[in-house]
Amino acid sequence: MNHQTNNLFFQNIFRKVALLLIPTLLFTFCEEKENTEQTNLLLLAAVSNQTTAPSTVCQTNADGTVETTMPVIKKGTFALCRPASGAVRHYRIEGLKIIGGHTAVSIYVGLPENYATEVSRNSTLSPGQFGMNFYSGSGVGGFVPGYAYANYGAAETSIKNLTSNGNSTAPTAPAVAGTSLINFIDQEVDLCFDLTVASPPRFTVWVTGKNTANCKTRTNLTTGNALLNETTWTAGDPALATGFSFIGLSASSGISFTKVVTSTQLAVP
């Protein structure tokens, strides 16, 4: 076999091998490309789920109330779910318990939509804005008992204590006669309140188990069994601001609650 014949022979062999290898290479390339694309899609989905997963979950009930629940308790400010129409006039927080020292839960009303600032028991309010605060106390610089209070507008004189537990470091306004400690530290509590459209608004608070009240059965809620029925605030306070409601959590641990329920219907018209 001469040199030219050898060349033709090897060229033929090379062509046959190449024809056999090309489909394999193409298959491998396509398979790797598909795997890469699938991996990218999975990563994209994971990122998407992470960024769009709701921090709160809304549920509308047959009676028109709306529930806000949180899959995971974490520090931050979260919008409360709203009924489809009408302003929220009644709020209920169920199963509230705070065991962390220097830890607080706050419900704020009348804030702008998409409010991003951290709301806390020390937040400064504008005229017409309302805050309901639960503070677990602290051992820093001497023991501070837990207490609950509400504030309306920016004036410190508008603060109303809901506890009479001898907490000298609580807001300076006097505790309302007849109130007692809302024990959300040693046990879970259900608390609910009305906020009317009056100027200033009427603020009426009930706690399940106090004065025969049951927040889950609104038909038994009256001004007579309320823990607090505030109608004065300070002179010149405006009506409740039109806006959105938020819950502020000062920590990711030491706080638990089942849900916050909102309604357009007052318990006491």
Side-chain angles (χ1 to χ4, degrees), residues 55-56 67-70 72-82 88-138 144-156 158-163 165 167 169-173 181-185 188-195 201 203-207 215 227-228 230 233 240-241 243-262:
S55 56
T56 59
E67 297 179 1
T68 303
T69 57
M70 295 185 66
V72 178
I73 297 295
K74 59 182 179 180
K75 180 180 180 180
T77 299
F78 306 92
L80 293 178
C81 304
R82 289 160 42 103
V88 176
R89 294 292 174 237
H90 185 78
Y91 295 79
R92 180 172 80 240
I93 183 166
E94 297 183 7
L96 175 66
K97 187 175 183 180
I98 308 175
I99 60 174
H102 193 53
T103 304
V105 173
S106 300
I107 295 177
Y108 277 65
V109 180
L111 299 180
E113 187 176 8
N114 299 322
Y115 186 81
T117 305
E118 179 180 344
V119 295
S120 71
R121 66 188 185 91
N122 297 317
S123 294
T124 300
L125 301 182
S126 298
Q129 294 179 341
F130 166 88
M132 178 73 192
N133 307 280
F134 308 91
Y135 175 60
S136 67
S138 171
V144 178
Y147 60 94
Y149 65 95
N151 51 324
Y152 188 67
E156 285 295 312
S158 71
I159 293 174
K160 303 297 177 182
N161 286 336
L162 298 175
T163 56
N165 62 340
N167 185 358
T169 62
T172 55
L181 176 64
I182 302 171
N183 191 358
F184 50 84
I185 297 171
E188 295 181 353
V189 299
D190 292 348
L191 179 143
C192 53
F193 59 89
D194 276 358
L195 280 173
F203 172 53
T204 310
V205 185
W206 298 268
V207 174
C215 284
L227 194 66
L228 170 66
E230 174 58 48
W233 294 105
L240 189 68
F244 295 79
S245 304
F246 293 80
I247 186 167
L249 310 177
S250 71
S252 298
S253 61
I255 294 172
S256 60
F257 65 92
T258 307
K259 65 184 73 171
V260 179
V261 181
T262 54

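Note that this is a predicted model, so its numbers are computed, not measured. Just so it is clear, the values below take in all heavy atoms, side chains as well, and ignore hydrogens, waters and symmetry mates.
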- Taking side chain as C-beta onward, heavy atoms only, is Ile247 less than 4.5 Å from Phe257? yes

- Verify, without hydrogens or angle tests, whether Gln129 (side chain) and Gly110 (backbone) share a donor-acceptor contact under 3.5 angstrom. yes

- When rounded to the nearest 0.5 angstrom, what distance separates OG1 in Thr262 from CD in Glu67? 9.0 Å

- What orientation do Phe130 and Tyr152 show, parallel under 30°, tilted 30 to 60°, or perpendicular over 60°? tilted

- Message: With a 4.5 Å cut-off on side-chain heavy atoms, are Leu228 and Phe193 touching?
- Response: no

- Side chain Ser136, main chain Thr103, donor-acceptor under 3.5 Å: yes

- Query: Between NZ of Lys259 and CD of Glu94, what distance do you get to the nearest 0.5 Å?
  - Reply: 5.0 Å

- What one should report as the nearest heavy-atom pair of His102 and Ser250 is O-OG, 4.4 Å

- Item | Value rounded to 0.5 Å, distance of SG in Cys192 from CE in Met132 | 10.0 Å

- Query: Do any N or O atoms from the side chain of Asp190 and from the backbone of Gly95 form a donor-acceptor pair under 3.5 angstrom?
  - Reply: yes

- Message: Are Thr68 and Phe78 packed together at the side-chain level, in the sense that at least one heavy-atom pair is separated by less than 4.5 angstrom?
- Response: no

- Task: Rounded to the nearest 0.5 Å, what's the gap from CD1 on Ile99 to OG on Ser256? Could you check?
- Result: 7.0 Å

- Task: Please tell me if the side chains of Leu96 and Phe134 come closer than 4.5 Å, counting only heavy atoms from C-beta onward.
- Result: yes

- Looking only at non-hydrogen atoms, find the nearest pair between Ser106 and Asn133 and report the distance. OG-OD1, 2.9 Å

- Item | Closest non-hydrogen atom pair, Ile98 against Val105 | CD1-CG2, 3.8 Å

- Query: Is there a side-chain contact between Asn114 and Phe244 (heavy atoms, below 4.5 Å)?
  - Reply: no

- Message: Is any side-chain heavy atom of Val109 closer than 4.5 Å to one of Tyr91?
- Response: yes

- Message: One pair to check against side-chain contact (heavy atoms from CB on, under 4.5 Å): Leu195 and Phe203. What are the steps and the verdict?
- Response: CA-CA 5 Å; Leu195 280 173; Phe203 172 53; 3.8 Å; yes

- For Tyr135 and Tyr149, indicate whether the former's side chain and the latter's backbone hold a donor-acceptor pair under 3.5 Å. no

- Message: Could you tell me if the side chain of Lys75 sits less than 4.5 Å from the side chain of Leu249, heavy atoms only?
- Response: no

- Message: Could you check whether any side-chain N or O of Ser245 sits under 3.5 Å from a backbone N or O of Ile107, counting only pairs where one atom can act as donor and the other as acceptor?
- Response: no

- Hey, are the side chains of Met70 and Thr56 touching, using non-hydrogen atoms and a 4.5 Å cut-off? yes

